[in-house]
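Heads up, the thing below is written out as structure tokens.
Only this structure's heavy atoms are used, side chains among them; waters, hydrogens and symmetry mates stay out. Count residues from 1 along the sequence. In this text the structure is predicted, and so the values were computed from the model without any measurement.
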Amino acid sequence: MSQMMSQPSQPDKAKPLLTASVHDVRYFASLLRGIGFSNRASMRFTAGSGITVTVEEARTLLATSYIYADHFDEWAFDVDNLQAAPSQLSAPDIDRHATSFEIPLNTLLECLNIFGTANMSSSSSAGSKHKQWRRADDASDDERGDDGRRPNANRIDQHFGGNEKRTSMRLTYAGPGHPLTLVLAEDSSGPTTTCEISTFDSEPNLELPFDAEQTALKIIFKSSFWLRDALSELDPSCEKITLIANPVADVQSAQRGVPAKPLFRIQGTGAFGSTEMDYPNDREVLETFECSRSISFSYRFAHISRTLRALQNSTKTSLRLEQEGLLSLQFLVPVPRPRGGMSDSFIEFRCLALDDDVAQ
């Protein structure tokens with residue numbers, strides 16, 4: 001066959017609907033890898049916002065990664081060139097400033113790591129976190145020039161990461177029926193590779209709307225490691241995880257001789273017993289704690305463990321529970337802006353509670 005069926009007859013003449021570039025794909029890949037537990041992903045490009053990528057599992061778990069337009073060195077969305085996909089032609093509420101399609105997420109991640117430099121190693125990630133949150137005047141002597149100033153950040157070798165090998169990316173998409181095209185380069189003078197990934201018409205995703213007015217519990221962990229360490233210590237053989245919370249007033253008014261109610265407890269239950277971890281009412285641990293009533297909801301541990309990869313690269317975590325047990329976990333991920341400074345992106349997971357808890 002001379003052409004793939006999903007390709008138009010003259011793809012080389014198609015004007016790109018979207019052109020986006022970034023000099024270091026590690027952050028882009030990290031935001032995708034955080035939801036990489038499912039290969040079938042729905043990708044949506046929006047003119048003024050950026051990219052959202054959504055995956056789901058067992059009609060119970062929904063994960064979305066938000067990659068904003070200001071994370072890219074270049075972001076050009078040609079609204080005038082936007083055409084609806086065949087499956088969307090009959091839809092009455094077509095968004096004229098967005099387009100969506102399905103893509104094999106594992107293939108996209110493999111392409112981004114084609115030079116082996118898209119993964120954030122534990123050592124480099126730790127170092128980058130220290131640099132991200134340091135003040136501008138806290139540079140070490142090794143980072144400053146002879147005159148005490150930082151070296152020029154506009155040189156081409158620094159654009160590609162200086163002595164560190166990094167992969168730059170230019171992404172283009174011509175519209176429905178066209179592939180997603182990636183042009184990847186390891187440095188300014190090294191080899192360049194072009195990857196074309198087939199795209200498919202989007203199918204309806206699982207919808208799990210979270211009603212903020214029905215929030216029964218809201219927690220913001222001051223640092224994500226307070227939750228990450230707790231989940232990592234649970235036995236992998238756990239079958240379910242239970243979240244238990246009580247209002248602060250109920251915890252403080254516990255009577256003598258009566259076991260105190262936990263403020264917030266994570267309980268893992270499996271064939272070999274159970275593990276409980278209680279959190280204190282300490283602002284150094286829980287930056288925000290709001291609980292309207294005593295609650296207890298359980299979830300499959302296999303679903304909650306899907307969040308660990310996103311947790312690894314996040315700095316803060318927001319945990320919310322609806323009255324009916326719908327769980328929302330939002331992970332704040334810092335991403336450097338192309339022109340300096342930091343920007344915040346986030347990955348969100350929503351998970352339905354087990355039916356026996358909802359019935360209670």
Side-chain angles (χ1 to χ4, degrees), residues 30 34 63 122 125-135 210 212 215-236 238 240-255 258-270 273-299 301 303-323 325-335 342 344-351 353 357:
S30 175
S122 57
S125 296
S128 64
K129 287 180 182 178
H130 288 301
K131 292 179 182 178
Q132 289 164 4
W133 296 106
R134 261 189 333 210
R135 295 190 299 272
F210 191 95
T215 302
L217 174 67
K218 178 181 178 182
I219 296 176
I220 297 178
F221 293 88
K222 189 167 185 178
S223 177
S224 287
F225 73 78
W226 292 112
L227 180 61
R228 180 175 62 242
D229 288 359
L231 295 180
S232 299
E233 290 179 6
L234 292 176
D235 193 310
C238 283
K240 72 174 183 178
I241 185 171
T242 303
L243 304 180
I244 303 170
N246 293 283
V248 175
D250 291 358
V251 176
Q252 293 176 343
S253 63
Q255 299 178 359
V258 178
K261 294 181 178 180
L263 183 75
F264 178 61
R265 172 178 292 171
I266 296 178
Q267 182 181 62
T269 307
S274 63
T275 303
E276 295 180 351
M277 285 160 287
D278 290 353
Y279 286 78
N281 187 13
D282 186 345
R283 286 297 180 92
E284 292 301 315
V285 180
L286 305 180
E287 185 176 295
T288 299
F289 182 87
E290 300 174 3
C291 184
S292 60
R293 65 177 180 89
S294 296
I295 56 173
S296 175
F297 291 106
S298 297
Y299 308 86
F301 180 69
H303 290 154
I304 302 302
S305 63
R306 299 296 195 187
T307 67
L308 285 173
R309 188 168 287 181
L311 261 172
Q312 291 175 356
N313 294 317
S314 65
T315 55
K316 283 189 178 183
T317 298
S318 166
L319 184 153
R320 296 180 298 163
L321 276 172
E322 240 186 21
Q323 297 285 355
L326 176 62
L327 171 65
S328 169
L329 286 168
Q330 294 180 337
F331 305 111
L332 189 69
V333 181
V335 178
M342 299 299 297
D344 289 328
S345 186
F346 68 95
I347 300 174
E348 181 176 18
F349 287 77
R350 293 183 181 179
C351 186
D357 290 309

* **Working for side chain to side chain contact (heavy atoms under 4.5 Å, CB included), residues Leu311 and Leu329** => CA-CA 10 Å; Leu311 261 172; Leu329 286 168; over 6 Å; no
How far apart are the closest heavy atoms of [X] and [Y], and which atoms are they?
X	Y	answer
Ser314	Phe331	CB-CB, 3.7 Å
Cys351	Leu326	O-CD1, 3.5 Å
Asn313	Pro334	O-CD, 4.0 Å
Ser294	Asn246	OG-OD1, 2.6 Å
Ile347	Ala310	CD1-CB, 3.9 Å
Arg228	Phe225	NH2-CB, 3.0 Å

Got a second to check how far [X]'s [atom1] is from [Y]'s [atom2], nearest 0.5 Å?
X	Y	atom1	atom2	result
Leu308	Leu231	CG	CG	5.5 Å
Leu263	Cys291	CG	SG	8.0 Å
Leu217	Ser296	CG	OG	11.5 Å
Thr307	Gln330	OG1	CD	13.0 Å
Phe264	Ile244	CZ	CD1	9.5 Å
Ile220	Leu332	CD1	CG	10.0 Å

* **Residues Val335, Asp344; criterion side chain to side chain contact (heavy atoms under 4.5 Å, CB included); working and verdict** => CA-CA 6 Å; Val335 178; Asp344 289 328; over 6 Å; no
Sequence neighbours excluded, which residues qualify as side-chain contact (heavy atoms from CB on, under 4.5 Å) partners of [X]?
X	value
Ser292	Ala216, Gln323
Thr269	Lys240, Gln267, Ser274
Ala63	Ile35, Phe37, Val55, Phe349

[X]: what forms a side chain to side chain donor-acceptor pair (under 3.5 Å) with it, not counting sequence neighbours?
X	value
Asp278	Arg265
Lys316	Glu287
Glu322	none
Ser328	Arg320, Glu348

* To do: Report the residues that fulfil ring pair (Phe, Tyr, Trp, His ring centres under 6.0 Å) with Phe289, sequence neighbours left out, ordered by chain and then residue number.
  =>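 For Phe289 there are no ring pair (Phe, Tyr, Trp, His ring centres under 6.0 Å) partners, ignoring immediate neighbours.
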* Partners meeting ring pair (Phe, Tyr, Trp, His ring centres under 6.0 Å) with Phe346 (sequence neighbours left out) ->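 So Phe346 forms a ring pair (Phe, Tyr, Trp, His ring centres under 6.0 Å) with Tyr66.
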* **Residue list, salt bridge (Lys or Arg N to Asp or Glu O under 4.0 Å) with Arg293, at least two apart or on another chain** =>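 In terms of salt bridge (Lys or Arg N to Asp or Glu O under 4.0 Å), with neighbours along the sequence ignored, Arg293 is linked to no residue.
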* Chi angles and distances behind the side chain to side chain contact (heavy atoms under 4.5 Å, CB included) call for Thr317, Ile219 -> CA-CA 8 Å; Thr317 298; Ile219 296 176; over 6 Å; no
* Judged by atom type as modelled, is there a donor-acceptor pair below 3.5 Å linking the side chain of Tyr299 to the main-chain atoms of Gly325? ->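 Side chain of Tyr299 to backbone of Gly325: a pair is present.
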* **side chain to side chain contact (heavy atoms under 4.5 Å, CB included) assessment of Val251 paired with Asn281** => CA-CA 10 Å; Val251 176; Asn281 187 13; over 6 Å; no
